[in-house]
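See below for the structure under consideration.
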Amino acid sequence: MTVLLASIQAHAAEVTIPRAAEAHRAMLVRAAHAVWGLDAPVAVFAAQIHTESWWRNDTVSHVGAQGLAQFMPSTAKWLPSVAPETGRPAPFNPGWSLRALCVYDKWLWDRVAGRTDFERMAFTLSAYNGGLGWVQRDKRKARAQGLDDRVWFHAVETVNAGRGRAAFAENRQYPRRILKERQHAYIRAGWGPGIEEGGRP
C-alpha cells in the first residue's frame, strides 16, 4: 500500500456520512444515472451535497444559497434556460435540487477540459462553487504563466485571476475536499463509483 493510498483511506475513514443522507440516497442515484448514465460518479455527487449542505434540505447560507445543493436563487432561475429538463426552480425540493446538481455538473463538465477525468471533475467542481467564468480566467492566466491549463491540482489551482482571498481559499478547498477526501467515504459505503485520481485520460 502506498503512502498516498494510506492517506486517502485515512481521510475517508474520518468522514462520517450524515444520517440524513440515507433518506436521499435512492433519489440521488436515480438522478445521477438519468443525467450521466449508469457509470455516473454518484460518490462525487454525494460528497458534493455533503460539502454543500451536510444533507440538510432547509439550509440557507450566509450569501443566500438554498437547499441540499445550495443553489443561489439567480442560478436556480437561470438553469432551466440552458437545461429545460430541470423544470421550474425549486431549491428546497430535494428531487429538484439533486437532479439540478447532476444536470449543472454535466453542463459544466461539457465546457471544461482536463488531462484526466479526475482533473476535469476538479475544474467542474471549481466552476460549480465559483463560476465557470472564473475557471476560464484562471486557465488563461495559468497558460500565460507556462502551466498546463488542463491540470487543476498543483497547476491551475495555484493561480488566482482576481478573486478575493476568502473566495479563492474556499474555491481551492472545494474540489480537494470532495475528490480527495469525502467521495471515498461514499465509495466505501457502497453509494456507487467516484472518479479516482490517475483515472483514464
Side-chain angles (χ1 to χ4, degrees), residues 3-18 20-21 28 41-56 59-72 75 97 101-102 104-105 108-109 111-142 145 147-189 191 194-199:
V3 173
L4 176 61
L5 182 57
S7 173
I8 289 171
Q9 289 180 341
H11 283 301
E14 292 168 11
V15 174
T16 301
I17 296 174
L28 175 61
V42 177
V44 173
F45 305 140
Q48 191 177 359
I49 294 292
H50 183 128
T51 303
E52 287 289 348
S53 65
W54 293 81
W55 295 95
R56 293 189 303 263
T59 299
V60 178
S61 78
H62 69 284
V63 295
Q66 302 172 335
L68 286 175
Q70 288 291 279
F71 275 100
M72 291 296 291
T75 306
S97 195
L101 176 134
C102 294
Y104 188 33
D105 277 350
L108 293 166
W109 169 273
R111 285 158 180 79
V112 295
R115 189 161 292 283
T116 65
D117 283 352
F118 190 75
E119 299 288 352
R120 189 176 181 185
M121 183 55 80
F123 284 114
T124 299
L125 294 169
S126 175
Y128 186 100
N129 174 264
L132 181 59
W134 278 113
V135 169
Q136 292 167 337
R137 287 191 283 276
D138 289 341
K139 278 176 166 273
R140 283 195 296 271
K141 187 169 182 178
Q145 293 180 359
L147 298 170
D148 187 339
D149 71 342
R150 294 192 303 151
V151 175
W152 170 260
F153 293 103
H154 308 295
V156 177
E157 76 166 335
T158 67
V159 173
N160 185 358
R163 270 180 264 224
R165 182 180 297 178
F168 180 74
E170 176 192 326
N171 187 260
R172 272 32 188 181
Q173 284 301 313
Y174 190 78
R176 283 189 168 272
R177 287 192 178 117
I178 293 168
L179 293 176
K180 292 193 175 249
E181 297 177 19
R182 293 174 180 166
Q183 74 158 327
H184 299 287
Y186 288 89
I187 293 168
R188 287 161 54 110
W191 281 57
I195 296 181
E196 301 288 352
E197 196 163 0

Interatomic distance, CG@L179 vs CG@D117, rounded to 0.5 Å, equals 11.0 Å

Once you round to the nearest 0.5 Å, how far does CG of L101 lie from CG of L68? 9.5 Å

Output the distance between atom OH (Y128) and atom CG (D105), rounded to the nearest 0.5 Å. 6.5 Å

I195, I49, L125 screened by side-chain contact (heavy atoms from CB on, under 4.5 Å) with I178, the one that passes: L125

I187 vs E196, test: side-chain contact (heavy atoms from CB on, under 4.5 Å). Steps then yes/no. CA-CA 10 Å; I187 293 168; E196 301 288 352; 3.4 Å; yes

Correct closest heavy-atom pair for V112 and L132 would be CG1-CD1, 3.7 Å

To check you understand the geometry: which heavy-atom pair defines the closest contact between F71 and S97, and what is its length? CE1-O, 4.0 Å

Could you walk me through whether W55 and H50 pass the side-chain contact (heavy atoms from CB on, under 4.5 Å) check? CA-CA 6 Å; W55 295 95; H50 183 128; 3.8 Å; yes

May I ask you to check whether Y186 and F45 place their ring centers less than 6.0 Å from one another? no

In sequence, state the C-alpha distance, the side-chain angles, and the governing distance for V44 and F118, and then conclude on side-chain contact (heavy atoms from CB on, under 4.5 Å). CA-CA 11 Å; V44 173; F118 190 75; over 6 Å; no

Polar side-chain atom of T158 near backbone of H154 as donor-acceptor pair, under 3.5 Å: no

Donor-acceptor contact below 3.5 Å, side chain E119 vs main chain W152: yes

What I'd like to find out is whether the side chain of E14 reaches to under 4.5 Å of the side chain of E181, using heavy atoms alone. no

All side chain to side chain contact (heavy atoms under 4.5 Å, CB included) counterparts of R150, not counting sequence neighbours: A113, R115, D148

Specify the closest pair of heavy atoms between N171 and R163, including all atoms of both residues, with the distance to one decimal. CG-NH1, 3.4 Å

Could you measure the distance from the CG atom of D138 to the CG atom of L147? Nearest 0.5 Å is fine. 11.0 Å

Heavy atoms of V156 and A142 approach each other most closely as CG2-CB, 3.8 Å

Assess whether side-chain contact (heavy atoms from CB on, under 4.5 Å) is satisfied between R111 and F123, documenting all intermediate values. CA-CA 10 Å; R111 285 158 180 79; F123 284 114; over 6 Å; no

Residues two or more places apart in sequence or in another chain: which of them pass side chain to side chain contact (heavy atoms under 4.5 Å, CB included) with E170? N129

Considering residues at least two apart in sequence or located in another chain, which fulfil the side chain to side chain contact (heavy atoms under 4.5 Å, CB included) criterion with S61? V63, A65, Q70

Shortest non-hydrogen contact between P175 and S126, atoms and distance: CG-N, 4.0 Å

Side chain R172, main chain E157, donor-acceptor under 3.5 Å: yes

For the student: nearest non-hydrogen atoms of G194 and Q183, plus distance: CA-OE1, 3.1 Å

